[in-house]
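Before any comments, here is the structure.
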Protein chains: 2
Amino acid sequence: MSQGDAGIDLETSLGYLLKEASSALRAAMEAVLRPLGMTVTHYSCLELLAQRPGLSNSELARGAFVTRQSMNVLLQTLEKDGYVTRPAEAPVGKALPARLTPRGRRSLAKATAAVRSVELRMLGAMSETEQAAAYRSLKSMIGSLREPGGG
Amino acid sequence: MSQGDAGIDLETSLGYLLKEASSALRAAMEAVLRPLGMTVTHYSCLELLAQRPGLSNSELARGAFVTRQSMNVLLQTLEKDGYVTRPAEAPVGKALPARLTPRGRRSLAKATAAVRSVELRMLGAMSETEQAAAYRSLKSMIGSLREPGGG
DNA sequence: TGACTCATGTCAGCATTCTGACATAGCGTG
DNA sequence: CACGCTATGTCAGAATGCTGACATGAGTCA
């Protein structure tokens, strides 16, 4: 290519690689979660609640990287199907703390096993040193992108 | 957490970190592309065409991590607005090779500058060694997830 | 107390993407 | 040539997520 610095070389672009990896991860997760009738966002919500019971709709949304509105729709479905519960009244403010039901916990257990296999597949391809480097790299990227600095 | 191995610790999950980084990258790209009236997929398509002129709809879709159908909708818009051109008849098979118009090239130039600032922000937070490690890590993840091995 | 700011839950409409389906073109095999 | 297989472009409907908007509750400050 005689483009030189006229374009961003996708072959060596960190951003492109990041998107490619993320896309592959999502596809792999969808593949193992589909047999369980669960989507990635669905699973993310349950896993978040398992680790931090009482999270509100907005907090879950931030944790799953979707909007409050999208998470609200999901939560209503999960509530209707008996996977999570929310009090009718907010104990403080407007935030409704959500919690997993026993059914939700059982459903999550299967999903976690499936997702863990994907996670292990990723980790298995790297040495301990490489894993540590991967963590550092990703955290560094997240940190640098968090800063406003865009304009 | 007394959960032990009952769940995937999101704080230390490589997959979660990957999703977080990818989400941050997308948000940063959207932020710099919005003033230019361009979406990430929009930009990806143009950048792909700049580096590899003549790519077909399906090839562009794979490169931008969307379906053929979605890319087709985008391409029709880009064609209508004069950013890309496609022959009316396929020179071979059914694949229609797409190419940037001068207008498309001009539009891309601004977008590339904007996206480059994001890329540099990520790279700037890492040493050369860390950058190399990041490339290796991501490529390793992509490779391991590509393998079917899911079930 | 009152005004202001911020975060939250929720409703409605819109945009984007995906899934499903179909016809067509090339390629290999017999 | 006929057949099956794969890849492609395209249309239509459905699912998913997002933006915009509103009312409510808590904290801050005068």
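As the structure is a prediction and not an experimental result, all values here were calculated from the model. What's counted below: heavy atoms across the whole structure, side chains too, no hydrogens, waters or symmetry copies. Numbers restart at 1 for each chain; the letters A, B, ... are given by sequence-line order, proteins then strands.
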Quiz item: B:Gln69 side-chain donor-acceptor pair to C:dG20 base, under 3.5 Å: yes

Checking B:Arg26 now: which residues fulfil salt bridge (Lys or Arg N to Asp or Glu O under 4.0 Å) with it, not counting sequence neighbours? B:Glu30

Test side-chain hydrogen bond (donor to acceptor under 3.5 Å, both in side chains) applied to A:Ser137 - qualifying residues, sequence neighbours left out: none

Looking only at non-hydrogen atoms, find the nearest pair between A:Leu48 and A:Ala64 and report the distance. CD1-N, 3.8 Å

Residues within residues 35-45 of chain B bordering DNA chain C, heavy-atom distance below 4.0 Å: B:Thr41

Closer than 3.5 angstrom, by distance alone: can the side chain of B:Ser140 be matched with the main-chain N or O of B:Arg136 as a donor-acceptor pair? no

Side-chain contact, heavy-atom cut-off 4.5 Å: B:Val40 with B:Leu33? yes

Please answer whether the main-chain N or O of B:Tyr83 pairs with a side-chain N or O of B:Thr101 as donor and acceptor at a distance below 3.5 Å. yes

Rounding to 10°, can you tell me the angle the first-five-pair axis of the helix from C:dT1-D:dA30 to C:dG30-D:dC1 makes with its last-five-pair axis? 30°

Show the nearest heavy-atom pair for residues A:Leu46 and A:Ser107, with the distance to one decimal. CD2-OG, 4.3 Å

Evaluate the side-chain proximity of A:Gln69 to A:Val73: yes if any heavy-atom separation is below 4.5 Å, no if none is. no

If you look at every heavy atom in B:Phe65 and A:Ser23, which pair is closest and at what distance? CD2-OG, 3.6 Å

Sorted by number, residues from residues 59-68 of chain B placing a heavy atom under 4.0 Å from DNA chain C are B:Val66, B:Thr67, B:Arg68

Please tabulate, one pair per line, each protein N/O and nucleotide N/O from nucleotides 23-27 of chain C that are separated by under 3.5 Å, including the distance.
{"unit_1": "C:dG26", "atom_1": "OP1", "unit_2": "B:Gly93", "atom_2": "N", "d": "3.3"}

Got a second to check how far B:Leu123's CG is from A:Leu14's CG, nearest 0.5 Å? 5.5 Å

Spacing of B:Thr67 atom OG1 and B:Met71 atom CE [to the nearest 0.5 Å]: 9.0 Å

Who are the salt bridge (Lys or Arg N to Asp or Glu O under 4.0 Å) partners of B:Glu20, not counting sequence neighbours? A:Arg146

Spacing of CD belonging to A:Glu119 relative to OG1 belonging to B:Thr12, to within rounding of 0.5 Å: 8.0 Å

Could you grab the distance from atom CG of B:Leu78 to atom OG1 of B:Thr85, nearest 0.5 Å is fine? 11.0 Å

Distance check: side-chain N/O of B:Ser70 vs OP1/OP2 of C:dC18, anything under 4.0 Å? yes

Qualifying side-chain hydrogen bond (donor to acceptor under 3.5 Å, both in side chains) pairs, either residue in residues 32-45 of chain B, two or more places apart: B:Tyr43-B:Glu47

Ignoring hydrogens, what is the shortest heavy-atom contact between A:Gln131 and A:Met126? Give both atom names and the distance. NE2-O, 3.4 Å

Out of curiosity, B:Arg103 CZ to B:Asp81 CG, how far, rounded to the nearest 0.5 Å? 6.5 Å

Enumerate the side-chain hydrogen bond (donor to acceptor under 3.5 Å, both in side chains) contacts for residues 86-99 of chain A, please, sequence neighbours excluded, ordered by first and then second residue. A:Glu79-A:Arg86

Its 5'-most and 3'-most nucleotides having an atom under 4.0 Å from a non-hydrogen atom of chain B, DNA chain D is contacted over D:dT8 to D:dC11

Heavy atoms within less than 4.0 Å of DNA chain D: which residues of residues 71-78 of chain A have one? Give them sorted by number. none

Along DNA chain C (nearest heavy atom to each residue), the more 5'-positioned of A:Arg34 and A:Ser56: A:Ser56

Between A:Glu59 and A:Gly54, what is the shortest heavy-atom contact and its length? OE1-O, 4.4 Å

Hey, can you pull the residues of residues 16-25 of chain A with a non-hydrogen atom under 4.0 angstrom from DNA chain D? none

Measure the OG-CG distance between B:Ser70 and B:Leu75 for me, rounded to the nearest 0.5 Å. 11.0 Å

